[in-house]
Number of protein chains: 2
Amino acid sequence: MTSGGSAGRGTRLGREVVVEQALALADADGLDALTIRRLADELGVTPMALYWHFSNKDELIDALTEHLFAQVALPEVRAGADWDTALRELQVAFVAALRPHPAVAPLARDRVLASRPGLVLAERSLGLLREAGFTAEQSAELGGYLLGAVVTLVTAEPGRAGPDDEAVRARRAALLTLSPREFPNIVEAAEPLSYCANDDAYYARGVELLIEGLRGLAGRGQPERA
Amino acid sequence: MTSGGSAGRGTRLGREVVVEQALALADADGLDALTIRRLADELGVTPMALYWHFSNKDELIDALTEHLFAQVALPEVRAGADWDTALRELQVAFVAALRPHPAVAPLARDRVLASRPGLVLAERSLGLLREAGFTAEQSAELGGYLLGAVVTLVTAEPGRAGPDDEAVRARRAALLTLSPREFPNIVEAAEPLSYCANDDAYYARGVELLIEGLRGLAGRGQPERA
DNA sequence: ACCTGAACACCGTTCAAGT
DNA sequence: ACCTGAACACCGTTCAAGT
């Protein structure tokens, strides 16, 4: 799908060029399509050429993931802001960075602590959770939940297909053949289960669910802060 | 890792045998190790033999996922129970079914509506969300969040490694080399970030976060039910 | 009905060369 | 320093046979 050699044949290779082409490839044809050989092809180079810049595929994936975290436009820290609104803004910024790249978003899950941009994001999240009154242990755990949930949100990726898309119609049709007596709620929700009408609302509500959950937990057994 | 031919050499093949061996293989060596060729090897059979029972690998994966959903021990429906406690019980049961199989848990995300056991679980979840006062549309969306979050919980899989495991020690050490001025919260939480001390608590709090979030959302703009 | 064998177009990666 | 070429041990899958 990505036109061969879009990085320009004369371009010096270098890690950034490779990473960007890898991202484009994965965005276009999925993570499975991101292979060393196809990537090399599109860069107009031999597969082995990539092994000069990355010792193996995993290291390339690491670099790609770091690139992803680097895209997050961290909101400014406003003194006196509530922890929950600040945390919501942070997660929204994270979602915004991942949304263009649903195919590679899952990579972020296991690699936050593996690169500087990821660490910066994690540090900010942890700080806000601590502000909410959670212990270091709880914050670590909750931070993991948050990261995972946001990635899941983006990976599910409601958009990408119109309401009359082939796959969407097939799924809706399949659900509508179910027995309304046995699966009343699924049949009733066949439409929203097969297609998301409003992406922005989908993401907003997803983040809201998490913030609301944290607020609930924070209000419980946690000691109030000064 | 899995001993070759553990399904017995004389056993008739059949879909169930294949699925169970596939699950064992993925549990032992991860989803990547689950290949048609290795699976056939362990079943003492030619790769092509599997193509008689499944038209391709994806169909095998579908069957495996259905098997996973079938393991969920659905809690009894108690009339008069609160929606939130019922929903928590349901999610806990789901977690319990997935916990032994963290490597294949991600498969559940895209395949709930593709098999009968999955549909049953989804129907129950949707019903409880409707009870909470959410619309069909909202319930569909929230049901998706729930499913994804639970899968993420299991996939992160805190257990599996002791506190002095090689990988755990390496990660902790890496975090401890960070600047405490730049990453105070990460350094403080280096221990819980690299190792989860209590798995059961981890899962319980994860589910609780979600239920708490739903309770928060339900208590807001939603119409109260009779 | 159920399984085998050979073949095809793919993978990631190593190792020895080239310039 | 940066890239190529041939080779190795893997993939999923098709197609024609075997029993």
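By convention in this document, chain letters (A, B, ...) are assigned in the order of the sequence lines, proteins followed by strands, and residues within each chain are numbered from 1.
In summary, A:R116 and B:E182 engage in a salt bridge, as defined by a charged side-chain N under 4.0 Å from a carboxylate O.
With rounding to whole Å, B:Y51 atom OH is found 17 Å from C:dC8 atom P. Rounded to an integer number of Å, the gap from A:I36 CD1 to D:dA9 C1' is 17 Å. Atom CG in B:L50 sits about 14 Å away from atom P in D:dT14, given to the nearest Å. Rounded to a whole Å, the CG atom of A:L60 is 15 Å from the P atom of C:dC11. In this entry the distance linking CG of B:L43 with C1' of C:dT4 reads 15 Å, nearest Å. One interatomic measurement links the two molecules: CG of A:D58 to C1' of C:dT13, which rounds to 13 Å at whole-angstrom precision. For the pair B:R15 CZ and C:dC2 C1', the interatomic distance rounds to 15 Å; values are reported in whole Å. Residue B:F54 contributes atom CZ, which lies 16 Å from atom P of D:dT14 at whole-angstrom precision.
Using a 4.5 Å heavy-atom threshold, the side chains of A:S125 and A:L90 count as touching. Between B:R88 and B:L210 there is no side-chain heavy-atom pair separated by less than 4.5 Å. Put simply, the side chain of A:I36 does not reach to within 4.5 Å of the side chain of A:N56, judged on heavy atoms.
Atom CG of A:D32 sits in a sparse spot, with 12 or fewer heavy atoms from other residues, nucleotides or ligands closer than 6.0 Å.
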If you restrict it to nitrogen or oxygen atoms, what contacts under 3.5 Å exist between nucleotides 15-19 of chain C and the protein, and what is each distance?
none

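Distances were taken from every side-chain heavy atom of B:K57 (C-beta onward) to each of D:dT13, C:dT13, D:dA1; the shortest belongs to D:dT13. For A:V45, the listed nucleotide lying nearest its side chain is D:dT4; candidates were D:dG12, D:dT4, D:dA7. Of the candidate nucleotides D:dA1, C:dG5, D:dC11, C:dG5 has the atom nearest to the side chain of B:T46.
Atom name P, nucleotides C:dA17 and D:dC2: the rounded distance is 22 Å, in whole Å.
With sequence neighbours excluded, the residues that form a side-chain contact (heavy atoms from CB on, under 4.5 Å) with B:R109 are A:R109, A:T152, B:P106, B:V151, B:T152. Under the side-chain contact (heavy atoms from CB on, under 4.5 Å) criterion, A:T65 pairs with A:I61, A:F69, A:L107, A:R111, not counting sequence neighbours.
For the salt bridge (charged side-chain N to carboxylate O under 4.0 Å, His left out) with B:E191, the lone residue among B:R171, B:R172, B:R169 that qualifies is B:R172.
Within the 4.0 Å cut-off from OP1 or OP2 of C:dG12, at least one side-chain nitrogen or oxygen of A:T35 is found. A close approach under 4.0 Å does occur between a side-chain nitrogen or oxygen of B:H53 and OP1 or OP2 of C:dC3.
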task: Convert the base pairs of DNA chain C into dot-bracket notation, remembering that pairs crossing earlier ones are written with [ ] and that bases paired across to another strand are shown as |; include only Watson-Crick or G-U pairs under 3.5 Å.
output: ||.|||||...|||||.||
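The ring pair (Phe, Tyr, Trp, His ring centres under 6.0 Å) analysis of residues 155-205 of chain B, with sequence neighbours excluded, yields the pairs A:Y145-B:Y202. A ring pair (Phe, Tyr, Trp, His ring centres under 6.0 Å) check over residues 21-65 of chain B, counting only residues at least two apart or in different chains, returns nothing.
Nearest-nucleotide assignment on DNA chain D puts the 5′-proximal partner with A:A49, out of A:R37 and A:A49.
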